[in-house]
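I have placed the structure first, in the form of structure tokens, so that the comments after it can refer back to it.
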There are 2 protein chains.
Amino acid sequence: MHSFQQSSDAILRKHGYRLTPQRHMILNVIQEAQGHLSIDQIMERVQQQNPCVSLSTVYRTLELLKSVDLIRESHLPDAQPLYEIADGQAHHHLICRRCHVTIHLDETLLGDLHEQLQTQYGFHHLSLELVAAGYCDNCWHTLQQELAQDNIDPQPTLDIVSQD
Amino acid sequence: MHSFQQSSDAILRKHGYRLTPQRHMILNVIQEAQGHLSIDQIMERVQQQNPCVSLSTVYRTLELLKSVDLIRESHLPDAQPLYEIADGQAHHHLICRRCHVTIHLDETLLGDLHEQLQTQYGFHHLSLELVAAGYCDNCWHTLQQELAQDNIDPQPTLDIVSQD
DNA sequence: GTTCGTGCAAATACTTTGCAAGTCG
DNA sequence: CGACTTGCAAAGTATTTGCACGAAC
């Protein structure tokens, strides 16, 4: 992924920062992950490569990479902040509140909303992030069953008591 | 706002919880705020009414109100979590990254995306939240000027040094 | 040599928990 | 009485900061 390294370096330099080994490693870890990583996960994977890297560096680096738009931070419900490579201007998630399966939705999902908001409200340099949270079909059915259970339970329990 | 109190109470009871004075106060504070409130802001306003209410209660109550969908928690960029009354199934924000002005966008913004996702992915009980972050027109122009400044600055500064 | 980055340890901030006492049904 | 709540203090976590040393420009 030579072009990725090149552009990271260029972007950092444009802002007066350097692409240090640590920053490079952290970017790589995030790049290689299929989905999003929490701070802890990033820390863990970085330390596998070099155990000396400190947590403060991870915090500082994520902050810095965010500030130059190389990565994006998302807050999904009931989760710590997650980090991912910021490759487009939009990114969307569909999440199950129970099993936490996460589906990445296409950037085109919202059509021309991007331009629409920019012209309508005079905003510039917009980035959009949609979070859709609910229950996937599986979990939904499981929940329904649990609910049914709870409603039936009390009665039989009383009967059994009298058997004693 | 009698109907609001009634329904809050009913919803809490349905889940086996009580509408205590503290919970009522916290709901009220959030309800009355025009926009979103952080935990600190909620704490502050609650304490104005009753200084004895403890921070843990605020934390516990927000958690509980979230769990029964009476309030919603949003994470806007570079901000602590914010809380608001959850009155619909969707809620959207347009924020300036510089001055943090926040525009609330209409629930209808995304059209039938809600149903579309539910049928397409088999999800249930979906809630959507869109965060659009960028720069408002004012801040954008200010930034452009600052950028121009920075490019010109270094030269004059050197001249002045020689006056000493 | 000056600025930028890092590791380490300490300091801060944020959030959760245990428990005794109070309230409601 | 038994389940639900709360305030307070303590424990836990998470995040930020100060500083001395090393690397890059």
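What you see below is based on every heavy atom in this structure, not just the backbone, and it leaves out hydrogens, waters and symmetry mates. The chains referred to below are lettered A, B, ... by the order of the sequence lines, with proteins before strands, and numbering in each begins at 1.
- Taking the six-membered ring where the residue is Trp, the centroids of His92(B) and His104(B) are separated by 6.0 Å or more.
- The CZ atom of Arg23(A) sits 9 Å away from the C1' atom of dT6(C) (whole-angstrom rounding).
- Side-chain N or O atoms of Gln47(B) include one that pairs as donor or acceptor with a backbone N or O of Val53(B) at under 3.5 Å.
- Residues satisfying the side-chain contact (heavy atoms from CB on, under 4.5 Å) test with Asp137(A), not counting sequence neighbours, are His141(A), His124(B).
- Residues passing the side chain to side chain donor-acceptor pair (under 3.5 Å) test with Ser127(B) are Arg97(A), sequence neighbours excluded.
- The side-chain contact (heavy atoms from CB on, under 4.5 Å) check on Gln80(A) picks up Ser38(A), Asp40(A), with sequence neighbours excluded.
- His15(B) and Tyr17(B) have parallel rings, their planes meeting at less than 30° on a 0 to 90° scale where 60° marks the start of perpendicular.
- Nearest-nucleotide mapping onto DNA chain C: of Pro81(B) and Thr57(A), the residue sitting toward the 5' end is Thr57(A).
- In terms of position on DNA chain D, the residue among Ser56(B) and Ser56(A) whose nearest nucleotide sits closer to the 5' end is Ser56(B).
- Residue pairs meeting the ring pair (Phe, Tyr, Trp, His ring centres under 6.0 Å) criterion with at least one partner in residues 38-81 of chain B, sequence neighbours excluded, are His75(A)-His75(B).
- With sequence neighbours excluded, no residue forms a side chain to side chain donor-acceptor pair (under 3.5 Å) with Arg18(B).
- Taking Thr108(A) as the reference, Asp106(A) meet the side chain to side chain donor-acceptor pair (under 3.5 Å) condition, with sequence neighbours excluded.
- Comparing the local axis fitted to the first five base pairs of the helix from dG1(C)-dC25(D) to dG25(C)-dC1(D) with the one fitted to its last five gives a bend of 30°, rounded to 10°.
- In terms of heavy atoms, Ile30(A) sits closest to Tyr83(A) at CG2-O, 3.9 Å.
- OP1 or OP2 of dA13(C) has not a single side-chain nitrogen or oxygen of Gln80(B) nearer than 4.0 Å.
- Here chain B contacts DNA chain D (any atom closer than 4.0 Å to a heavy atom, that is under 4.0 Å), and the contacts span dA3(D) to dA9(D) from 5' to 3'.
- Nucleotide dT15(C) holds its P atom 11 Å from the CD atom of Glu63(B), rounded to whole Å.
- Salt-bridge annotation for Lys66(B) and Glu63(B): present, with a side-chain N of the basic residue lying under 4.0 Å from a carboxylate O of the acidic one.
- Across the protein-nucleic acid pair, Leu55(A) atom CG and dC8(C) atom P stand 11 Å apart, rounded to whole Å.
- The side chain of Tyr59(B) contributes an N or O atom lying less than 4.0 Å from OP1 or OP2 of dT15(C).
- Residues satisfying the side-chain contact (heavy atoms from CB on, under 4.5 Å) test with Gln120(A), not counting sequence neighbours, are Gln116(A).
- The side chain of Thr20(A) places no N or O atom within less than 4.0 Å of a non-bridging phosphate oxygen (OP1 or OP2) of dG5(C).
- Residues from residues 40-54 of chain A placing a heavy atom under 4.0 Å of any atom in DNA chain C, listed by number, are Cys52(A), Val53(A), Ser54(A).
- The side chain to side chain donor-acceptor pair (under 3.5 Å) test applied to Glu84(B) returns His36(B), Arg72(B), His91(B), not counting sequence neighbours.
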What nitrogen or oxygen pairs link the protein and nucleotides 19-25 of chain C at under 3.5 Å?
unit_1, atom_1, unit_2, atom_2, d
dT23(C), O2, Arg18(B), NH1, 3.4
dC24(C), O2, Arg18(B), NH2, 3.4

